[in-house]
**Student:** 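Got a structure here, written out as C-alpha cells. Questions coming.
Below, chain A is the first sequence line, B the second, and so on; all start at residue 1.
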Number of protein chains: 2
Amino acid sequence: METPIRCQFCSHLPGSAFHGLNNDALEEISHMKTCVSFRKGQVIMHEGARPQGVYCVHRGKIKLYTLGTEGKEQIIRFVTKGDLIGYRSILSDEPISASATALEDTHACYIPKSSFFKVIEDNPKFSLNLLQLSCHELGEAGKMITSLAQKSVKERLAEILLILRTTFGEDEEGYLDISLTREEIANMVGTATESVIRLISELRKDGFIDSKGKRIKVNDGSALREIASVFE
Amino acid sequence: METPIRCQFCSHLPGSAFHGLNNDALEEISHMKTCVSFRKGQVIMHEGARPQGVYCVHRGKIKLYTLGTEGKEQIIRFVTKGDLIGYRSILSDEPISASATALEDTHACYIPKSSFFKVIEDNPKFSLNLLQLSCHELGEAGKMITSLAQKSVKERLAEILLILRTTFGEDEEGYLDISLTREEIANMVGTATESVIRLISELRKDGFIDSKGKRIKVNDGSALREIASVFE
DNA sequence: GCTTCAAAATGACTTTTATCATATATTTGA
DNA sequence: TCAAATATATGATAAAAGTCATTTTGAAGC
C-alpha cells in the first residue's frame with residue numbers, strides 16, 4: 001500500500017510544473033491522482049503508445065529513450081523527482097515519442113488525461129509553467145543536437161559526465177549518484193559500448209575521473225569541461 | 001513601405017499558433033504588431049541574445065542554427081510562413097538558443113514581448129496552441145537526436161532530403177523548392193561538406209535524385225526512404 | 001557575354017570510430 | 001558462498017567519415 005504523496009511536496013521541487021499553484025488547486029489535483037510504484041527495470045511507457053495520463057515522479061530515476069533502427073536505445077534525457085512523464089505526447093496529441101524505464105525503484109503519481117487538461121484550463125499559471133518547461137527542454141534538445149553533430153565521442157562523453165553530475169549529484173564519497181551501465185552511457189553519448197569503455201579508462205588513467213565498477217567519480221570537472229569544449 | 005498583413009491570413013496557415021483565435025483577438029494582435037522585411041542572408045536573431053519580441057513569418061524561408069565549437073553552423077530546423085521565431089527564448093526566459101538567418105527575402109510581423117504575453121493571458125486557446133507546438137517540436141528534436149546518434153551520414157542525408165521535400169515542397173519541374181548550398185545541407189546532416197557532395201553524386205548516379213547545381217529533385221522517394229531506414 | 005568568385009566535384013590520404021574476438025572482473029541470485 | 005550470468009576491459013582489424021589539395025563547374029556582377 002502506498003503512502004499518499006501530497007502535491008504540495010512536489011510543487012516545491014525545483015522546476016516543478018506545479019510551482020506557484022495555490023493550495024486549492026493542489027488539493028484538487030491530489031484528489032484526481034493515484035499513486036503508483038515501478039520496480040527497477042520496469043517499463044513505464046512504451047514508445048508509440050497513446051498515454052491516457054501523465055506521471056509526476058516523486059522518487060526514483062528514469063531514462064527516456066527512443067529505439068533506433070537496430071533496436072538500439074538512444075537515451076534522450078533523464079527524469080527525476082518533480083518531473084513529468086508523458087505530457088509531451090498528451091499535449092501534442094501524438095503517440096509517445098520516447099519509452100520510459102525506471103533505473104531504480106520509482107514512486108510516481110498518475111494524473112488522468114482529463115484531469116490534466118482540467119488543471120490546465122483552471123490554472124493559467126500551470127499552463128504557463130508547462131510552456132516554460134517544454135521551451136526549456138527544446139533548448140536543451142538543440143544543444144544535444146549540436147553536440148552529436150559536431151563533437152567527437154570523447155568530447156561528448158566528457159560533456160555527459162558533467163551533465164550526470166549536475167542532474168543527479170554526488171554521494172558522500174563523491175561518486176555520481178546514478179548507476180548506469182557502460183552501454184547506457186554509450187546510448188546517451190551515441191556511440192558503441194566499447195568506445196565508452198576505452199574512453200572511461202583513458203579519463204581514469206589521466207586522473208580526471210575515478211571508476212569502480214559502475215561507480216564513477218568526477219575528480220577534475222574543469223578538465224572535463226575543457227575536454228568537452230564547454231565554455232559556460 | 002510594407003503592405004500590412006492581416007493576422008487572419010496567418011491564423012489559417014497550417015500549424016499556426018494563432019489557429020482558432022476569434023476575430024477580436026486577431027484584430028487586437030494586428031494592432032500590436034509591426035511588419036518587417038529581411039533580405040536574403042540577413043541575420044534575424046543572434047544566438048545568445050535576449051529577444052524583446054517574437055516574429056511571425058508571413059513569407060520566406062529561414063534557417064535556425066546553433067554555432068558549434070569551431071563556429072560551424074548546426075541547422076536545427078527551418079522556419080516558413082505561419083511559423084514563429086523567438087517564442088522559445090521568451091517563454092523559457094533564456095537567451096536565444098539558435099540564430100536565425102533568412103534563406104530568401106522574408107516578410108514577418110514583429111510582436112513585442114509584452115503584447116505576446118498579453119495574448120497568452122487573454123486567450124487560453126493561444127497558450128494551448130503554443131504548448132501543442134512546442135511539444136510537437138520536442139518530439140521532432142528527439143527524432144533528430146536519434147538519427148544523429150545512430151544513423152550513418154548516408155542514411156541521414158536521405159532522411160533530410162525527404163524532410164526538405166515535405167517542408168518546402170517541389171516546383172513545377174519537381175525540384176525541391178528550397179535553395180541550399182552543399183555546406184548548408186552538411187550543416188543539417190551533421191557532416192563535412194565533401195561528404196555531402198560525394199553522397200549526392202552517388203544518389204544521382206543511382207538515379208534516386210537529380211541535381212543541377214544547387215537544385216535537387218527527388219526521383220525515387222521510396223528508395224530514399226529505404227536508404228534512410230524510415231518506416232512510417 | 002565576359003570575368004571573377006564561390007561552390008561543387010574528385011582524388012589521395014588520415015583519423016576516428018565501429019566491429020569482432022576474447023579475456024577478466026563484477027554482480028546477482030540460488 | 002559459489003556458480004552463472006552479465007558487464008567491463010583490451011587488442012586487432014575494418015569501415016566510415018574527415019581533411020587537405022586540386023580541378024571543374026556554375027553563379028553573380030559588370
**Student:** Reading DNA chain C 5' to 3', which nucleotide is the first, and which the last, to come under 4.0 Å of any heavy atom in chain B?
**Tutor:**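 Here the contact window of chain B covers C/dA8 to C/dA12.
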
**Student:** Taking for each residue the nucleotide of DNA chain D bearing the nearest heavy atom, is the 5' side occupied by B/L199 or by B/G213?
**Tutor:**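 Closest to the 5' end, via its nearest nucleotide, is B/L199.
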
**Student:** Supply the atom-to-atom distance B/S211 OG to B/R182 CZ, rounded to the nearest 0.5 angstrom.
**Tutor:**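 Spacing of OG (B/S211) from CZ (B/R182) equals 5.0 Å.
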
**Student:** How far apart are the closest heavy atoms of A/Q74 and B/A149, and which atoms are they?
**Tutor:**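 Between these two residues, the closest heavy atoms are OE1-CB, 3.0 Å.
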
**Student:** Give B/R204 one of three labels, base, sugar-phosphate or nothing, depending on what nucleic acid heavy atoms sit under 4.0 Å from its own.
**Tutor:**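 The residue B/R204 makes sugar-phosphate contact but no base contact.
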
**Student:** Heavy atoms under 4.0 Å, any strand shown: does B/K212 hit a base, just sugar-phosphate, or nothing?
**Tutor:**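 Since no nucleic acid heavy atom lies under 4.0 Å of B/K212, the category is nothing.
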
**Student:** Please determine, by modelled atom types, if B/T191 and B/R156 share a side-chain donor-acceptor pair under 3.5 angstrom.
**Tutor:**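 No.
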
**Student:** Would you name the heavy atoms of A/T101 and A/G41 that are closest together and state the gap between them?
**Tutor:**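 What the structure gives for the nearest pair is CG2-O, 3.5 Å.
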
**Student:** What's B/T193 touching, base or sugar-phosphate or nothing? Going by heavy atoms closer than 4.0 Å.
**Tutor:**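 The residue B/T193 makes no contact with any strand.
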
**Student:** Kindly calculate the angle separating the two end axes of the helix from C/dG1-D/dC30 to C/dA30-D/dT1, each obtained from five base pairs, and round it to 10 degrees.
**Tutor:**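 Answer for the end axes of this duplex: 60°.
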
**Student:** Specify the residue among A/K40 and B/A149 whose closest nucleotide of DNA chain C lies further upstream toward the 5′ end.
**Tutor:**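 First, find each residue's nearest nucleotide; the 5'-ward one identifies B/A149.
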
**Student:** What are the 5'-most and 3'-most nucleotides of DNA chain D lying under 4.0 Å from any heavy atom of chain B?
**Tutor:**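 Here the contact window of chain B covers D/dA17 to D/dC20.
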
**Student:** Want to settle it: does B/K214 or A/G190 sit nearer the 5' end of DNA chain C, counting the closest nucleotide to each?
**Tutor:**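 Nearest nucleotide further toward 5': that of B/K214.
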
**Student:** Inspect the contact between A/K217 and A/E170 and indicate whether a charged nitrogen and a carboxylate oxygen are less than 4.0 angstrom apart.
**Tutor:**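 No, no charged N to carboxylate O under 4.0 Å.
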
**Student:** For the pair B/F9 and B/H58, name the ring-plane relationship: parallel under 30°, tilted 30 to 60°, perpendicular over 60°.
**Tutor:**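 Ring orientation of B/F9 relative to B/H58: perpendicular.
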
**Student:** Need to verify one output field. Residue with the more 5' nearest nucleotide on DNA chain D, B/S195 or A/I197?
**Tutor:**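 Counting from the 5' end, the first nearest nucleotide belongs to A/I197.
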
**Student:** Pick one: which of A/K63, A/K61, A/K81 meets salt bridge (charged side-chain N to carboxylate O under 4.0 Å, His left out) with A/E104?
**Tutor:**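 By the salt bridge (charged side-chain N to carboxylate O under 4.0 Å, His left out) criterion, A/E104 pairs with just one of A/K63, A/K61, A/K81: A/K61.
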
**Student:** Rounded to the nearest 0.5 Å, what separates atom CZ in A/F78 from atom OG1 in A/T167?
**Tutor:**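 If I round to the nearest 0.5 Å, the distance is 7.5 Å.
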
**Student:** Are A/R77 and A/E137 within salt-bridge range, i.e. N to O under 4.0 Å?
**Tutor:**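 Salt bridge: yes.
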
**Student:** Please indicate whether B/E183 has more than 12 foreign heavy atoms, meaning atoms of other residues, nucleotides or ligands, lying under 6.0 Å from its CD.
**Tutor:**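 Count not over threshold, so no.
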
**Student:** Give the intermediate values and the outcome of salt bridge (charged side-chain N to carboxylate O under 4.0 Å, His left out) for residues B/K143 and B/E140.
**Tutor:** CA-CA 5 Å; B/K143 284 185 201 164; B/E140 295 298 310; 3.5 Å; yes

